Amino acid sequence: MSKQQQPVDARTDDAFAQALEFDAVKGRSLWDDARHRLFKNRAAVVSLVTLGIIVITVIVGPWLVPWDADFTDWDNIYSPPSLSNGHYFGTDAVGRDLLVRTMEGGRISLLVGLVATLVSLVIGVAYGTIAGYFGGRIDQVMMRIVDIFYALPFMFFVILLMVVFGRNIILVFVAIGAINWLDMARIVRGQTLSLKRTEFIEAAVTCGATPFNVIRRHILPNLMGVVMVYITLTIPQVILVESFLSFLGLGVQEPMTSWGALVNDGAQDMESAAWILVFPAIFLSLTLYCLNYIGDGLRDAIDPRDQG
Amino acid sequence: MLKYALNRLAWAIPTLLLLITVAFFMIRVAPGGPFDSEKSLPPEIEQNIKAKYHLDEPVIQQYFRYLGQVLRFDFGPSFQYRDWTVNQLIADGFPVSLSIGALAMLLSFVLGIGIGTMAALRQNTGLDHGLMGVAMLGISIPNFVIAPLLILAVAINLGWLPSGGWEWNWRNMVLPVITLALPVTAYIARLMRGSMIDVLNSDFIRTARAKGLSEITVIRRHAMKPALLPVISYMGPAAAGLITGSVVIERIFAIPGIGSYFVQGAMNRDYTLVMGVVIFYGVLIIAFNFIVDLIYAWLNPRIQY
Amino acid sequence: MSKQNILEVEQLEVIFKTRDGIVQAVNSLDFSIAAGETLAIVGESGSGKSQTALAIMQLLAKNGEAKGMVRFGSKNLLEMTATEINEIRGEHIAMIFQDPTSSLNPYMTIEKQMLEVLERHRKMSRKEAKERVLEMLSLVDIPDPERRLRQYPHEYSGGMQQRVLIAMGLLCQPDLLIADEPTTALDVTVQDQIKRLMRELKEKSNTSILLITHDLGVVAGLADKVMVMYAGRMMEYAPVDEIFYRPRHPYTQALLKAVPRLDQPGDYDLHPIPGNPPNLSNLPAGCPFRGRCSQAYDACIQMPEVTEVGEGHQLRCHLGESVE
């Protein structure tokens with residue numbers, strides 16, 4: 001994506017090394033620097049703004065629209081998008097307003113994205129720091145377990161879970177979060193390993209800090225960068241998984257809805273009423289698109305040498 | 001190499017065991033059985049059915065019975081399709097799923113590697129930004145959004161291809177294969193671009209250029225193989241992704257593959273079928289990962305056997 | 001200089017377009033190398049010495065651009081097309097790099113990597129080519145070369161890898177060998193072996209060498225002429241003895257004080273140069289070294305001109321002018 005200058009090998013390229021030093025001299029902190037680079041990335045900025053608009057619309061919108069999500073407008077069943085009857089996105093097979101349903105569905109999709117990502121974050125960071133910090137045998141065994149999990153067809157397990165325990169939203173959060181922690185654990189472990197070799201951590205250990213304190217006070221704060229990148233990249237994945245489940249009829253259930261469920265509804269009637277499919281599909285795709293670009297931009301901003 | 005292969009193989013066994021165990025106990029702790037919906041069965045009939053499916057035995061006994069069966073590749077009878085065994089259903093659906101999946105895999109690797117290399121060689125040009133923008137779309141727009149849109153455009157409005165259904169001919173395969181391949185292609189293109197750029201900036205490429213080799217030779221002989229390694233590693237996850245995607249694709253295009261049976265089974269709480277499919281695909285993915293590991297080791301002289 | 005120059009560099013400029021603007025890495029550089037002669041370019045990192053070497057070979061990073069004249073034979077290397085420069089690279093000018101481990105392709109056997117040079121530039125049978133490769137490997141003291149050829153780079157030690165790279169560079173008996181910090185990435189003991197090897201090779205062959213280094217110890221035994229660079233500019237340019245025994249530039253003097261010397265008493269003090277090399281994208285006006293120079297005075301606000309202060313001894317310093 002709009003990755004600016006990067007074919008420069010800092011080790012051999014004196015000029016580039018100089019350019020980096022230059023930044024340091026000016027006294028920019030790492031975070032200022034990252035923010036500066038992120039805002040220079042046009043695609044990321046546009047995505048950030050677009051996503052902001054979507055999020056606000058979805059959260060505030062339902063209060064501004066005169067319809068309820070499950071209100072049936074018997075006079076306007078299968079109404080195409082129309083200004084005259086007030087259904088700007090049209091209505092579905094039972095006369096429900098699609099605008100408000102798309103926004104309500106967005107609330108659920110975004111909520112699932114956030115909560116499930118938090119679940120995976122907690123598991124992944126805990127697992128990764130422990131494996132990385134203690135290293136040796138513990139690390140080996142823990143990472144082997146991750147390897148094994150990687151080889152399992154997780155999506156099928158989630159479906160299995162939904163089948164077995166019924167389709168409730170809490171389970172959706174947990175199940176999706178529980179399958180997405182593997183990447184996070186790997187990344188965090190790698191970072192922790194390299195942090196552990198740094199002098200300030202060694203100093204802390206020498207001063208008698210307990211492992212828990214070292215992790216909390218010194219390692220976790222330094223993981224912020226990568227963790228933020230992975231959060232932004234995990235949210236779209238999670239939203240995708242949820243919509244996938246909902247599309248199969250295994251995710252959130254009526255009367256609740258999500259973008260995936262709406263797309264599923266729309267796909268049934270697409271020949272006669274394409275708008276039912278198109279609006280939620282656009283919202284869903286646009287959100288994922290923006291999140292992916294922001295994640296990319298963040299990664300480039302925090303670690304400009306990583307090409308991803 | 002043999003030692004390495006055996007080592008990898010040894011790791012596949014606990015993975016497999018874990019897979020079967022988790023699947024089995026997950027189903028067994030499930031509230032409600034497959035026959036709950038058919039209320040008010042006379043107790044003796046229910047007893048008979050339970051006996052037939054060995055549901056009256058202690059769980060541990062059931063577990064080992066099931067394990068034994070699975071080791072003989074016998075997934076038992078389907079709860080839902082009473083006249084069918086799970087094996088028959090899988091044997092029925094697998095050729096269809098496999099042909100679509102394999103074609104999609106092939107397509108996405110060829111296209112993804114090509115596009116990624118092209119973008120890397122034209123780094124930061126309009127072409128690069130364009131290709132990567134499209135690739136990002138491919139990653140962001142879910143399968144189940146693209147499929148209906150494609151059907152709407154190509155099948156319904158233009159009438160070029162059937163909108164679904166299954167026959168063994170290419171016309172029925174085009175849309176499903178393209179839809180299935182799209183996100184994987186996009187991902188591989190991005191992966192390939194990144195790794196190609198990394199490799200082209202590495203010191204040994206500079207050495208190769210300093211030898212006077214033409215740029216094409218440098219890329220073909222020196223850059224291609226290392227740039228491909230991350231893509232090779234991605235083959236395992238790609239296969240898993242394709243299998244997952246096929247569940248949706250088969251449903252949208254009404255294709256009688258394993259994915260269709262799986263969704264049906266999931267809806268109907270057809271435990272043996274669902275479990276059979278999970279284990280079958282699990283084994284497939286594990287086997288595939290094993291092969292990918294071997295290919296990777298063969299390509300990378302630095303892997304220690 | 002009665003000998004013919006094989007390489008003449010005039011008004012070489014190298015710029016990089018970076019995120020923070022344009023960086024001038026090399027600024028109006030002039031030098032020449034005669035046949036069989038060794039020129040060492042010395043300077044701290046960021047002085048532009050490596051970029052000079054890469055510019056000659058058209059191997060600058062993508063965001064870099066070289067202007068000026070690099071005359072090799074009758075042509076300007078900087079204006080050559082990709083096809084033309086590829087005829088020169090490896091055949092007439094060879095280059096070896098700082099880090100041997102990353103400079104060899106880890107996925108190819110040493111044999112393939114060496115053979116492809118001959119394949120590219122020489123019409124030889126495979127057998128002849130292999131004999132030539134074995135001969136070169138023996139020349140750089142690789143034991144058991146037959147077996148070693150079939151191995152991959154990671155099975156070699158760092159010193160061995162650098163030997164292979166040197167052998168690879170010399171395969172086509174180039175007119176000029178550019179060695180960019182050939183010893184920097186190696187262990188100290190191995191550094192000595194490589195230095196000795198290069199000295200031997202220099203005596204045996206008539207190849208000219210452009211040696212890029214920050215290590216004056218390498219320069220001493222190897223170079224005929226030395227150019228000291230700072231912030232992209234030539235500071236002092238003289239025959240090696242002049243540089244060591246009659247250094248005129250305060251920077252050269254400081255560099256010499258910063259290296260340990262065997263010809264001094266044991267308690268000889270090392271004097272590191274205070275401060276850091278300047279930032280190329282934001283150079284102060286005047287002499288770039290003045291901020292770190294112990295002898296700087298008002299005139300240093302102006303960029304000094306290059307003056308001839310002795311037989312083949314050029315200097316860019318106001319002190320030189322005032323002494324005259």
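No experiment lies behind these values; they were computed from the predicted model shown. A, B, ... follow the sequence lines: proteins, then strands. Residue 1 opens every chain.
Most heavy-atom pairs under 4.5 Å with chain B, from the set Gly169(C), Cys172(C), Gly90(C), Pro106(C): that is Pro106(C). Of the residues considered (His121(C), Gln113(C), Glu116(C)), Glu116(C) shows the highest number of contacts with chain B, using heavy-atom pairs under 4.5 Å. By number of non-hydrogen pairs under 4.5 angstrom with chain C, the leading residue of Glu215(B), Lys225(B), His222(B) is His222(B). Interface check for chain B: of the options Ile178(C), Leu171(C), Leu104(C), the most heavy-atom pairs under 4.5 Å are formed by Leu104(C).
At a cut-off of 3.5 Å, with distance as the only test, a side-chain donor of Asp180(C) or Ser50(C) sits close to an acceptor on the other residue.
If you measure heavy-atom distances from Leu165(C) to chain B, the contacts under 4.5 Å come from the side chain alone. Within the 4.5 angstrom heavy-atom criterion, no atom of Glu87(C) approaches chain B. With a 4.5 angstrom heavy-atom cutoff, Glu155(C) does not touch chain B via any of its atoms.
Residue-level contacts of residues 112-120 of chain B with chain C, in order of numbering, are Ala120(B); threshold 4.5 Å between heavy atoms.
Annotation for Arg126(C): atom CZ does not count as buried by contact number, only 12 or fewer foreign heavy atoms lying within 6.0 Å. The environment of CZ in Arg132(C) is crowded: more than 12 heavy-atom neighbours from other residues, nucleotides or ligands sit within 6.0 Å. Applying the 6.0 Å contact sphere to CD1 of Ile216(B) captures no more than 12 heavy atoms from other residues, nucleotides or ligands.
Residues Phe262(B) and Tyr281(B) keep their aromatic ring centres 6.0 Å or farther apart.
Between Arg122(C) and Glu91(C) there is a salt bridge, since a side-chain N of the basic residue sits under 4.0 Å from a carboxylate O of the acidic one. The pair Glu111(C)-Lys130(C) counts as a salt bridge, with a side-chain nitrogen and a carboxylate oxygen less than 4.0 angstrom apart.
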Throw together a table of side-chain donor-acceptor distances under 3.5 angstrom for residues 226-245 of chain B, partners on residues two or more places apart or in other chains.
| residue | atom | partner | partner atom | Å |
| --- | --- | --- | --- | --- |
| Ser233(B) | OG | Leu229(B) | O | 3.2 |
| Thr244(B) | OG1 | Ala240(B) | O | 2.8 |

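In this structure, Tyr107(C) and Leu299(B) have side chains that are not in contact, with every pair of non-hydrogen atoms separated by 4.5 Å or more.
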